[in-house]
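Please read the structure below before turning to the comments.
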Amino acid sequence: MKIRKLIDKTIKSNHNKSNSSLVIKITNDLMNKGFPTYLITDELNKIEFNDDSLLLEKEFNKLYKKYKEKYPKEELKYQLTNKLYQKGFDKEKINRVINKIM
């Protein structure tokens, strides 16, 4: 089906996005191309997304290096949580990674 090919293409080209932001991007792209929402939702429900824990840790390390000199420890934790949440990562996973590493 054409929708599935477009979804697979979008997933391959956006491998650096979290699962939730990837779903939003796919939905918006397909809706802009004129596909009905129910078809998009059907296809997205069939897809099993990869675990984005490695991507979360990679983003965390990148942001930590960027902000560690700028903010004191508590403010740093807040900034990191905020930035990762903006990138579409799950709040529980963010807290788990921050508590594990910090």
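Counting from 1, the numbers follow the sequence of the chain as shown. Since the structure is predicted, the reported quantities are computational estimates derived from the model, not experimental observations. Hydrogens, waters and symmetry mates are skipped; everything else that's a heavy atom, side chains included, is used.
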> Which residues satisfy the salt bridge (Lys or Arg N to Asp or Glu O under 4.0 Å) test with Lys73, sequence neighbours excluded?
Replying inline: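 So Lys73 forms no salt bridge (Lys or Arg N to Asp or Glu O under 4.0 Å) with any residue.
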Are [Y] and [X] connected into the same hydrophobic cluster when the rule is that any two of I, L, V, M, F, W, Y join if their side-chain heavy atoms are below 4.5 Å apart?
| X | Y | answer |
| --- | --- | --- |
| Ile24 | Leu39 | no |
| Leu56 | Tyr78 | no |
| Leu22 | Tyr85 | no |

>> Under the rule for side-chain contact (heavy atoms from CB on, under 4.5 Å), what residues qualify as partners of Thr27, not counting sequence neighbours?
In response: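 Residues passing side-chain contact (heavy atoms from CB on, under 4.5 Å) with Thr27: Val23, Met31, Ile40, Leu44.
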> Should Phe35 and Leu6 be marked as a side chain to side chain contact (heavy atoms under 4.5 Å, CB included) after you check the CA-CA gap, both sets of side-chain angles, and the distance that decides it?
Replying inline: CA-CA 11 Å; Phe35 291 100; Leu6 291 171; 3.7 Å; yes
>> Once salt bridge (Lys or Arg N to Asp or Glu O under 4.0 Å) is applied, what residue pairs with a partner in residues 15-25 remain, sequence neighbours excluded?
In response: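 Every pair satisfying salt bridge (Lys or Arg N to Asp or Glu O under 4.0 Å) with a residue in residues 15-25: Lys25-Asp29.
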>> Filter on salt bridge (Lys or Arg N to Asp or Glu O under 4.0 Å), then keep only pairs touching residues 92-102, sequence neighbours left out; what's left?
In response: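 Residue pairs with at least one partner in residues 92-102: Asp51-Lys93, Asp52-Lys93, Glu57-Lys100.
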>> So which atom in Glu43 and which in Ile3 form the shortest heavy-atom distance, rounded to 0.1 Å?
In response: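 Closest pair (atom of Glu43, atom of Ile3, distance): CG-CG2, 3.7 Å.
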> Do other residues, nucleotides or ligands put more than 12 heavy atoms under 6.0 Å from the CG atom of Asn50?
Replying inline: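 Not buried by this count: 12 neighbours or fewer within 6.0 Å.
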Rounded to the nearest 0.5 Å, what's the gap from [atom1] on [X] to [atom2] on [Y]? Could you check?
| X | Y | atom1 | atom2 | value |
| --- | --- | --- | --- | --- |
| Lys77 | Asn82 | NZ | CG | 14.0 Å |
| Tyr71 | Gln79 | OH | CD | 4.0 Å |
| Lys83 | Phe89 | NZ | CZ | 14.0 Å |

>> Show every side chain to side chain donor-acceptor pair (under 3.5 Å) that has at least one partner inside residues 30-41, sequence neighbours left out.
In response: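 Sorted pair list comes back empty.
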> Run the salt bridge (Lys or Arg N to Asp or Glu O under 4.0 Å) check on Asp42 and Lys46 step by step: do they pass?
Replying inline: CA-CA 7 Å; Asp42 261 0; Lys46 294 176 188 174; 5.8 Å; no
>> Has Asn99 got a side-chain atom pairing as donor or acceptor with Asn95's backbone, closer than 3.5 angstrom?
In response: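 Judged by distance alone, yes, a pair lies under 3.5 Å.
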>> Tell me if a side-chain donor or acceptor on Ser18 pairs with a main-chain N or O of Lys87 at a distance below 3.5 Å.
In response: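 Checked: pair present.
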>> The test is side chain to side chain contact (heavy atoms under 4.5 Å, CB included); show your working for Leu55 and Asn19 and say whether it passes.
In response: CA-CA 10 Å; Leu55 180 62; Asn19 291 341; over 6 Å; no
> Do Ile11 and Ile47 pass the side chain to side chain contact (heavy atoms under 4.5 Å, CB included) test, and can you show the C-alpha distance, the side-chain angles, and the key distance before you say yes or no?
Replying inline: CA-CA 11 Å; Ile11 290 172; Ile47 294 177; 4.3 Å; yes
> What do the steps show when you test Glu59 against Lys62 for salt bridge (Lys or Arg N to Asp or Glu O under 4.0 Å), and what is the final call?
Replying inline: CA-CA 5 Å; Glu59 286 294 321; Lys62 187 169 74 171; 3.6 Å; yes
>> Taking ring pair (Phe, Tyr, Trp, His ring centres under 6.0 Å) as the cut-off, I'd like each qualifying pair that reaches into residues 39-61, sequence neighbours left out, listed once.
In response: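 Qualifying pairs, neighbours excluded: Phe60-Tyr64.
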